[in-house]
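In what follows, residues are counted from 1 in the order of the sequence shown. In this text, all values refer to a predicted model and were calculated from it rather than measured experimentally.
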Amino acid sequence: MRRSRALGVVSLALACTVLGACADPETGDSTLTLGIAAAPSLAGAFTEMITVFEAEHPGVRVSLELGRSDAIADGLTERTDINLFASASEEAMQRLVDAGAAVDPRVFARNHVVMAVPSGNPRGVTGLRDLERPDLRVGICEMDVPCGLAAETLLAAAGVEPPVIEREPGSRALAARLADNEVDVGIVYRTDVAASHGWVALVEVDQRDRELAQAAGTTRYTVARIPGGEDGDDAEAERAATGDFLELITSDRGRRALEGSGLAPLPQ
């Protein structure tokens with residue numbers, strides 16, 4: 001399990017960097033905290049953006065919470081510590097909009113699922129049709145998360161039915177199992193292959209399979225302001241900081257951060 005633990009260390013380092021939870025920072029009364037909740041596949045891009053944002057807004061500290069989009073959405077109506085929500089589930093975002101808990105949602109990026117294997121592709125996987133091989137351990141995300149829905153859409157479009165599927169709660173968890181050779185092939189987000197530091201590799205599929213993945217297996221990310229997080233004496237300042245971060249997401253620098261983590265930013 002050595003590689004899985006290595007990935008966990010990376011995740012812990014990210015959490016310490018973004019949340020400041022592993023230190024005891026001295027925060028003055030003048031420091032404003034901006035709360036952002038986001039899908040795990042946005043971690044790399046948003047971490048980079050937060051570094052830029054805090055450097056340009058010395059009086060603002062950004063707290064980044066990563067979690068399943070539907071789970072975050074279910075709790076946001078009762079929370080006052082989140083100012084911005086970036087969701088991998090358009091349905092989860094729409095629920096918040098309908099409830100009046102999120103305003104002005106916009107689609108800002110796309111991600112798509114890919115076939116991935118342990119480094120070196122030890123089982124010689126070459127395309128979607130290989131998922132029907134009875135000798136392969138095939139991993140796919142649970143159906144109630146965006147990467148699982150995208151994978152199922154892709155398999156249906158390709159007409160492929162794996163005989164046995166091992167389900168994982170998310171793309172990151174599945175990528176960790178691939179890194180440890182606990183599954184032979186999986187359908188994960190492109191971003192999680194990029195974040196695996198070489199332990200997980202893309203399958204070199206043919207043009208048909210590649211086009212299917214890009215068309216059928218796509219997830220669109222939406223971001224919206226959460227008015228419930230703007231309360232107290234700092235409400236106006238929080239609203240202004242939220243607007244600045246939204247501008248950063250769609251700026252050239254934000255687009256470069258999204259592209260660097262494997263996401264496809266939408267045209268402005």
Between Phe108 and Tyr221, what is the ring plane arrangement, given parallel below 30°, perpendicular above 60°, and tilted in between? tilted
Flag yes if more than 12 heavy atoms outside Glu259 fall under 6.0 Å of its CD atom; otherwise flag no. yes
Chi angles and distances behind the side chain to side chain contact (heavy atoms under 4.5 Å, CB included) call for His57, Leu32: CA-CA 10 Å; His57 297 75; Leu32 181 75; over 6 Å; no
Are the side chains of Arg68 and Asp144 in contact, using a 4.5 Å heavy-atom criterion? yes
ILVMFWY cluster, Phe85 and Phe53 together (side-chain gap under 4.5 Å): no
Do the side chain of Glu54 and the main chain of Val62 share a donor and acceptor less than 3.5 angstrom apart? yes
Side chain to side chain donor-acceptor pair (under 3.5 Å) contacts touching residues 154-164 (sequence neighbours left out): none
CZ on Phe245 to CD1 on Ile50, rounded to 0.5 Å: 5.0 Å
Is there a salt bridge (Lys or Arg N to Asp or Glu O under 4.0 Å) between Asp74 and Arg95? Walk through the geometry before answering. CA-CA 9 Å; Asp74 287 344; Arg95 291 202 309 271; 3.1 Å; yes
Take Glu48 and Arg256 through the test salt bridge (Lys or Arg N to Asp or Glu O under 4.0 Å) and record every step on the way to the result. CA-CA 10 Å; Glu48 183 175 339; Arg256 286 195 295 270; over 6 Å; no
Nearest-0.5 Å distance, CD1 of residue Ile165 to CD1 of residue Ile187: 8.0 Å
Contact check, side chains of Val125 and Asp184, non-hydrogen atoms, under 4.5 Å: no
Apply the test side chain to side chain contact (heavy atoms under 4.5 Å, CB included) to residues Asp130 and Val185: give CA-CA distance (whole Å), side-chain angles for both, the deciding distance (0.1 Å), then the verdict. CA-CA 9 Å; Asp130 282 338; Val185 58; over 6 Å; no
Cluster check Leu84, Ile72: I/L/V/M/F/W/Y, side chain < 4.5 angstrom: no
So Gln94 and Val97, do their side chains get closer than 4.5 Å, heavy atoms only? yes
Compare every heavy atom of Leu258 with every heavy atom of Ile249, then report the nearest pair and how far apart it is. O-CD1, 4.1 Å
Indicate the atoms forming the closest heavy-atom contact of Pro163 with Leu131, along with that distance. CD-O, 3.6 Å
For the residue pair Val188 and Ala175, what are the closest heavy atoms and their distance? CG1-N, 4.2 Å
So, the side chain of Arg255 versus the backbone of Leu266: is there a donor-acceptor pair under 3.5 Å, distance only? yes
Take Arg208 and Asp206 through the test salt bridge (Lys or Arg N to Asp or Glu O under 4.0 Å) and record every step on the way to the result. CA-CA 6 Å; Arg208 172 185 176 274; Asp206 61 23; 5.7 Å; no
Under 4.5 Å between any side-chain heavy atoms of Val203 and Val114, yes or no? no
Here the gap from Arg172 atom CZ to Leu66 atom CG, rounded to the nearest 0.5 Å, amounts to 6.5 Å
Here the gap from Leu174 atom CG to Asp192 atom CG, rounded to the nearest 0.5 Å, amounts to 8.5 Å
With rounding to the nearest 0.5 Å, note down the distance linking CG in Leu149 to CD in Glu91. 7.5 Å
List the atom of Ala45, the atom of Ala257, and the distance in Å for their closest heavy-atom pair. CB-O, 3.6 Å
Taking side chain as C-beta onward, heavy atoms only, is Tyr189 less than 4.5 Å from Leu263? no
Treating Ser69 as the side-chain partner and Ala88 as the backbone partner, does any N or O pair qualify as donor plus acceptor under 3.5 Å? yes
Restricting to non-hydrogen atoms, name the atom on Ser87 and the atom on Ala92 that form the minimum distance, rounded to 0.1 Å. OG-CB, 4.2 Å
May I have all residue pairs that pass salt bridge (Lys or Arg N to Asp or Glu O under 4.0 Å) and include part of residues 105-116, sequence neighbours excluded? none
Sub-3.5 Å donor-acceptor pair from the side chain of Arg123 to the main-chain atoms of Pro118, do we have one? no
Count I, L, V, M, F, W, Y as connected when their side-chain heavy atoms are under 4.5 Å apart, and connections chain through other members. Are Leu42 and Leu246 then in the same cluster? yes
Cluster overlap Leu34 with Ile82, hydrophobic side-chain contacts below 4.5 Å: no
Considering only residues two or more places apart or on different chains, which pairs with a residue in residues 171-250 satisfy disulfide (SG to SG under 2.5 Å)? none
Is Arg190 close to His112 at the side-chain level, that is, under 4.5 Å between some pair of heavy atoms? yes
Show the numbers, then the answer: is there a side chain to side chain contact (heavy atoms under 4.5 Å, CB included) between Ser89 and Asp70? CA-CA 7 Å; Ser89 168; Asp70 57 346; 5.6 Å; no
Can you confirm whether Arg133 sits close enough to Val138 that some side-chain heavy atom of one is under 4.5 Å from a side-chain heavy atom of the other? no
Test item: Ile226 and Asn83 side chains (from C-beta on) under 4.5 Å apart, heavy atoms: no
Output yes when a side-chain donor or acceptor of Asn111 lies under 3.5 Å from a complementary backbone atom of Thr219, and no otherwise. no
State whether the number of non-hydrogen atoms from other residues, nucleotides or ligands found under 6.0 Å of Glu56 atom CD is greater than 12. yes
Quick one: pull up OG1 in Thr222 and CE in Met93 and give me the separation to the nearest 0.5 Å. 3.5 Å
Quick one: does any side-chain atom of Arg137 pair with a main-chain N or O of Glu182 as donor and acceptor, under 3.5 Å? yes
Report yes or no: does Arg167 contribute a side-chain atom to a donor-acceptor pair with the main-chain N or O of Cys141 at less than 3.5 Å? yes
Give the minimum heavy-atom separation between Met115 and Gly127, together with the two atoms involved. CE-O, 3.2 Å
If hydrophobic clusters are built by linking Ile, Leu, Val, Met, Phe, Trp and Tyr wherever their side-chain heavy atoms come under 4.5 Å apart, do Leu154 and Val145 end up in the same one? no
Quick one: does any side-chain atom of Arg210 pair with a main-chain N or O of Val205 as donor and acceptor, under 3.5 Å? yes
